[in-house]
Amino acid sequence: MPVAKSSASKSNVWLAAGVRTPFAKVDGPLASYDAIELSVPVVKAMLAKGARPDFAVWGTVIPNLTWSNIAREVLLDAGADPTIPAFSTIMACSTSMIGAIQAAGMIDGRGRDLALVGGVESMSRVQIGLSVALSDWIRKFQGAKTGQQRLAALGALSLKDVRLFIPKVANRVTGLSMGEHTEITAKEWNLSRADQDAIALASHQGAVKGWENGFFDDLVIPIGGAKRDTIPRKDSTLEKLAKLGPAFDKTSGKGTLTAGNSSPLTDGAAAIWVGSEAGLARLPSETPKVRIVDHEVTSIDLRHEGLLMAPAYGVPRMLARNGMTYANVSLWEIHEAFAAQVLSHIAAWESAKFLSEKAGVGASLGEFPRDRMNPHGGSLAIGHPFGATGARILSQAVKELAARPKGERAIVSICADGGQGTMMLLESA
């Protein structure tokens, strides 16, 4: 599988921490906001820092027929300079991270020095559509010019086509949800329920600690009555997690994924800055920033490999080409779609056979340092609005890494439905 060298490694392109809304469970306190309405306060807060971006990238995963280029709509509604170009992007759970990678490739010091990047998901406001066959029939019926043509069109209508299309969190190729796929992966890697619950508990503890010590105060803006994430549970324990029943495999008696060790359906929006040194000079001097060293975009054959396993391939390749081992990375921000997905990545990274035969990395990279992972919680506790997660994780990693000594490195890794994933290698300045 060919690996493209990141253009970001050839020049100084930076990430600077942005802001986000609180994240809330579907049908919770953010349920009345659509994707644009969730995004606008975030973009306004970014622009209020006094910087005019040279362009913007924004994304959302769940489609809406009301708009086609959400990036442009959000900027206009936020009152941004209408001469700022804006385009939309999508890559499932990696949407706003691939947006950051796209922006990094466009930063050139020739009028493109600063980009506003982000994403959103309003999972409480999913638009239901007509079947394609019924849409085709309505279009033809509306185009009929005579009563006879309309009667003929009515006669051609099939009752089986009169149905609604309700978007599902399922892969089109396989028909299985991400949770169902991850149950298969958990069994293939012999992942225990206890280990999964331990990952979930650590995520909640980290997120709660982050809120209590003020870490999130300048990363999260209020919207409506929501002022902080609603999902982290201070009272979570291994005993409580152990009482939850399987959420995806409810019949075999071997299901290990539960509501407690799986990320919840979530509403929220998040943003981050991408720029050159000159571009970031437009931002307040106290804004946390780190340098992009490298990036990786990986795809795997989802028919023969776990749906969310792309980072298991991509991270070792990125480390190997930079002459690094796991021990050289002081901070790991790994998206937690499911605790089992995180554990399967770690198991693969520590398997010499997997690294050699599948990832194509011959040398051992060592033991994965779990104590360096997601210090302020991950998606299991904070939530996972598909389009916003990349920007959320990146801003969180930027703030954490920027506070560390110069030259320390972090890896940010996100898996995505469809058998893809994005990864970044970052360095403190």
Side-chain angles (χ1 to χ4, degrees), residues 5-20 46 49 51 53 57 94 96-107 109 112-119 206 210 215-220 270-297 311 314-315 318-319 321-324 326-335 369 372-378 389-414 422-429:
K5 186 74 172 179
S6 168
S7 61
S9 64
K10 300 176 183 178
S11 60
N12 283 330
V13 180
W14 301 73
L15 297 178
V19 298
R20 63 175 175 88
M46 296 287 280
K49 295 181 180 294
V57 188
S94 289
S96 47
M97 188 167 177
I98 197 67
I101 292 172
Q102 290 170 313
M106 294 174 65
I107 298 296
R112 288 193 294 265
D113 281 296
L114 186 65
L116 192 163
V117 180
F215 175 80
F216 291 109
D217 289 353
D218 58 355
L219 295 177
V220 179
I272 190 164
W273 297 104
V274 183
S276 65
E277 291 186 21
L280 264 60
R282 304 175 196 171
L283 300 175
S285 58
E286 68 273 13
T287 307
K289 64 180 181 179
V290 300
R291 187 174 68 90
I292 300 173
V293 177
D294 200 356
H295 75 248
E296 168 79 11
V297 182
V315 166
M318 187 167 64
L319 286 175
R321 68 172 173 256
N322 284 279
M324 299 173 61
Y326 304 137
N328 299 133
V329 181
S330 60
L331 172 67
W332 294 79
E333 282 291 341
I334 300 176
H335 168 45
R372 302 179 185 180
M373 182 178 74
N374 299 352
H376 292 98
T389 288
R392 190 277 297 173
I393 290 180
L394 285 172
S395 282
Q396 195 163 317
V398 167
K399 182 173 180 180
E400 289 163 346
L401 184 62
R404 302 188 180 204
K406 181 178 181 180
E408 290 205 14
R409 291 189 168 185
I411 280 185
V412 184
S413 170
I414 303 181
T422 53
M423 295 119 257
M424 274 192 177
L425 176 60
L426 309 175
E427 184 177 71
S428 57

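Just so you know, these numbers come straight off a predicted model, no measurement behind them.
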Where [X] and [Y] come nearest, the two heavy atoms and their spacing:
{"X": "Asn322", "Y": "Met318", "result": "ND2-O, 2.8 Å"}
{"X": "Ala397", "Y": "Val412", "result": "CB-CG2, 3.6 Å"}
{"X": "Trp14", "Y": "Leu280", "result": "CB-CD2, 3.4 Å"}
{"X": "Ser413", "Y": "Val315", "result": "OG-CG2, 4.0 Å"}
{"X": "Ser276", "Y": "Ile107", "result": "N-CG2, 3.6 Å"}
{"X": "Ala17", "Y": "Val398", "result": "N-CG1, 3.7 Å"}

Evaluate the criterion side chain to side chain contact (heavy atoms under 4.5 Å, CB included) for residue pair Val57 and Val274; output intermediate values, then yes/no. CA-CA 10 Å; Val57 188; Val274 183; over 6 Å; no
Do the non-hydrogen side-chain atoms of [X] and [Y] ever get within less than 4.5 Å of each other?
{"X": "Asp294", "Y": "Glu296", "answer": "no"}
{"X": "Ile393", "Y": "His335", "answer": "yes"}
{"X": "Tyr326", "Y": "Arg372", "answer": "no"}
{"X": "Asp113", "Y": "Arg282", "answer": "yes"}
{"X": "Glu333", "Y": "Asn374", "answer": "yes"}

Gap separating the [atom1] atom of [X] from the [atom2] atom of [Y], nearest 0.5 angstrom:
{"X": "Arg409", "Y": "Leu426", "atom1": "CZ", "atom2": "CG", "value": "10.0 Å"}
{"X": "Met97", "Y": "Met423", "atom1": "CE", "atom2": "CE", "value": "7.0 Å"}
{"X": "Trp273", "Y": "Thr287", "atom1": "CH2", "atom2": "OG1", "value": "9.0 Å"}
{"X": "Thr389", "Y": "Gln396", "atom1": "OG1", "atom2": "CD", "value": "10.5 Å"}

Name the residue from Ile414, Leu394, Ile411 that meets the side-chain contact (heavy atoms from CB on, under 4.5 Å) definition with Met424.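 Option passing the side-chain contact (heavy atoms from CB on, under 4.5 Å) with Met424: Leu394.
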Within the distance-only criterion (no hydrogens, no angle test), does the side chain of [X] pair as donor or acceptor with the backbone N or O of [Y] below 3.5 angstrom?
{"X": "Ser395", "Y": "Val19", "value": "no"}
{"X": "Ser96", "Y": "Gly99", "value": "no"}
{"X": "Glu408", "Y": "Leu331", "value": "no"}
{"X": "Ser428", "Y": "Ala402", "value": "no"}
{"X": "Lys399", "Y": "Phe215", "value": "yes"}

Show your working on side chain to side chain contact (heavy atoms under 4.5 Å, CB included) between Glu286 and Asp218 and close with a plain yes or no. CA-CA 11 Å; Glu286 68 273 13; Asp218 58 355; over 6 Å; no
Leu425 vs Met324, test: side chain to side chain contact (heavy atoms under 4.5 Å, CB included). Steps then yes/no. CA-CA 11 Å; Leu425 176 60; Met324 299 173 61; 3.7 Å; yes
Below 30° counts as parallel, above 60° as perpendicular, anything between as tilted: where do the rings of His376 and Phe216 land?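 Perpendicular: the ring planes of His376 and Phe216 meet at over 60°.
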